[in-house]
Engineer: 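Structure provided below as structure tokens; questions to follow.
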Amino acid sequence: MERDQDTPAQAVRPTPTDAEATPTTERLTEEARPETHPAGRRPWSARRIPAALTALVLAGAAAVLLFDVVRVRAGRSAAAWRGRLVDELATRPLDDTFIQIGAGVIAALGLWLIILALSPGLRRQLPLRTPGPRMAAVLDRTAAELQMRDAAMRVPGVSAARVKFFQHRIAARADVRFRAPADVQAELRTVLAEQLDRLALARPPHIDVRVRPRSK
């Protein structure tokens with residue numbers, strides 16, 4: 001009796017192991033993740049009016065001084081205001097009241113210009129959350145206040161509401177005609193928080209809710 005010959009082993013194609021598939025899986029997972037980016041910031045203001053006023057004042061002062069210098073170079077006497085200014089600066093002591101007031105005004109003006117140069121401005125515009133760092137969107141502060149006020153007016157018991165946006169907080173004030181003020185305040189805080197989340201602000205401020213009862 002002949003023995004059955006062993007069937008030849010079929011060639012099995014190698015399959016990628018889990019270790020080989022891991023880099024591809026990690027790469028696909030990283031590509032599927034949303035891109036992280038910093039919170040939105042306010043757009044920088046052009047500040048045309050302060051820049052124009054500063055340029056006009058400096059240009060006018062330089063023009064007047066240059067005109068007087070040209071007059072002196074041409075053989076004429078210096079202007080009376082220039083001679084008086086030189087005399088006052090040379091004779092008045094540093095602790096003089098007018099000198100201190102003038103120095104304070106100039107220092108305040110310079111500090112104001114520095115603050116304008118370092119701050120973005122446009123406080124009436126609130127930055128919104130965006131899906132990418134290269135996108136920018138803003139919401140007008142007045143429109144946001146109206147949206148929050150309308151949401152507050154939908155709370156039962158509220159007869160009047162006022163909402164004001166500040167840099168780090170939202171001040172909500174409401175008049176209560178009926179219901180317990182504590183219940184209205186709690187519901188109002190919840191409704192305003194939901195409405196604030198719908199606005200999709202990049203930096204949601206803190207909500208400060210205060211209510212006061214009003215007679216019918």
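These values consider heavy atoms only, across backbone and side chains, with no hydrogens, waters or symmetry-generated copies.
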Engineer: Could you check whether atom CZ of Arg198 has more than 12 heavy atoms from other residues, nucleotides or ligands sitting under 6.0 Å from it?
Structural biologist: yes
Engineer: Taking the hydrophobic residues Ile, Leu, Val, Met, Phe, Trp and Tyr, and joining any pair whose side-chain heavy atoms are under 4.5 Å apart, which ones share a cluster with Leu58?
Structural biologist: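 None, because no other hydrophobic side chain comes under 4.5 Å of this residue.
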Engineer: With no hydrogens and no angle check, is any side-chain donor or acceptor of Arg169 less than 3.5 Å from a backbone partner on Asp208?
Structural biologist: no
Engineer: To the nearest 0.5 Å, what is the distance between CG on Leu188 and CZ on Arg173?
Structural biologist: 10.5 Å
Engineer: To the closest 0.5 Å, what do you measure between CG (Leu192) and CD (Glu187)?
Structural biologist: 10.5 Å
Engineer: Please name all residues satisfying salt bridge (charged side-chain N to carboxylate O under 4.0 Å, His left out) with Arg162, sequence neighbours left out, ordered by chain then number.
Structural biologist: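 Only Asp175 meet the salt bridge (charged side-chain N to carboxylate O under 4.0 Å, His left out) criterion with Arg162.
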Engineer: Got a sec, which hydrophobics cluster with Val70, joining ILVMFWY side chains under 4.5 Å apart, including via others?
Structural biologist: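 Cluster partners of Val70: Leu66.
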Engineer: In terms of hydrophobic clustering (I, L, V, M, F, W, Y; side-chain heavy atoms under 4.5 Å; direct or indirect links), are Met153 and Val209 co-clustered?
Structural biologist: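 Linked, Met153 and Val209 end up in one cluster.
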Engineer: Quick check for you: to the nearest 0.5 Å, what is the distance between Gln147 atom CD and Thr142 atom OG1?
Structural biologist: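 Reported value, rounded in 0.5 Å steps: 12.0 Å.
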Engineer: Taking all non-hydrogen atoms of both residues into account, name the closest pair between Ala171 and Phe166 and its distance.
Structural biologist: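 Scanning both residues, the minimum pair turns out to be CB-CE1, 3.8 Å.
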Engineer: Using the salt bridge (charged side-chain N to carboxylate O under 4.0 Å, His left out) criterion, which residues pair with Arg154? Sequence neighbours excluded.
Structural biologist: none
Engineer: What is the minimum heavy-atom distance between Trp81 and Val64, and which atoms define it?
Structural biologist: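 Minimum heavy-atom contact is CZ2-CG1, 3.6 Å.
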Engineer: Verify side chain to side chain contact (heavy atoms under 4.5 Å, CB included) between Glu145 and Asp140, making sure each step is shown before the conclusion.
Structural biologist: CA-CA 9 Å; Glu145 292 173 350; Asp140 184 72; over 6 Å; no
Engineer: Taking all heavy atoms of Val184 and all of Pro156, pick out the closest pair and write down the distance.
Structural biologist: CG2-O, 4.0 Å
Engineer: If you count every heavy atom of other residues, nucleotides or ligands that lies below 6.0 Å from Arg71 atom CZ, does the total exceed 12?
Structural biologist: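 Above 12, so yes.
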Engineer: Where do Ile170 and His206 land on the side chain to side chain contact (heavy atoms under 4.5 Å, CB included) test, with the steps shown first?
Structural biologist: CA-CA 6 Å; Ile170 301 174; His206 171 71; over 6 Å; no
Engineer: Quick one: side chain to side chain donor-acceptor pair (under 3.5 Å) pairs with a partner in residues 90-112, sequence neighbours left out?
Structural biologist: Glu88-Arg92, Arg92-Asp96
Engineer: If you look at every heavy atom in Leu199 and Leu128, which pair is closest and at what distance?
Structural biologist: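 So the two residues come closest at O-CD2, 3.4 Å.
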Engineer: List the atom of Val191, the atom of Ala151, and the distance in Å for their closest heavy-atom pair.
Structural biologist: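 Residues Val191 and Ala151, closest heavy atoms: CG1-O, 3.5 Å.
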Engineer: Is there any side chain to side chain donor-acceptor pair (under 3.5 Å) pair reaching into residues 60-69, and which pairs are they, with sequence neighbours excluded?
Structural biologist: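 As it turns out, the side chain to side chain donor-acceptor pair (under 3.5 Å) pairs with a partner in residues 60-69, which skip direct neighbours, are Asp68-Arg82.
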Engineer: Please find the pair of heavy atoms, one from Leu126 and one from Ala144, that lie closest to each other, and give the distance.
Structural biologist: CD1-CB, 3.9 Å
Engineer: Quick one: which of Leu196, Thr190, Asp197 gives a side chain to side chain contact (heavy atoms under 4.5 Å, CB included) with Glu194?
Structural biologist: Thr190
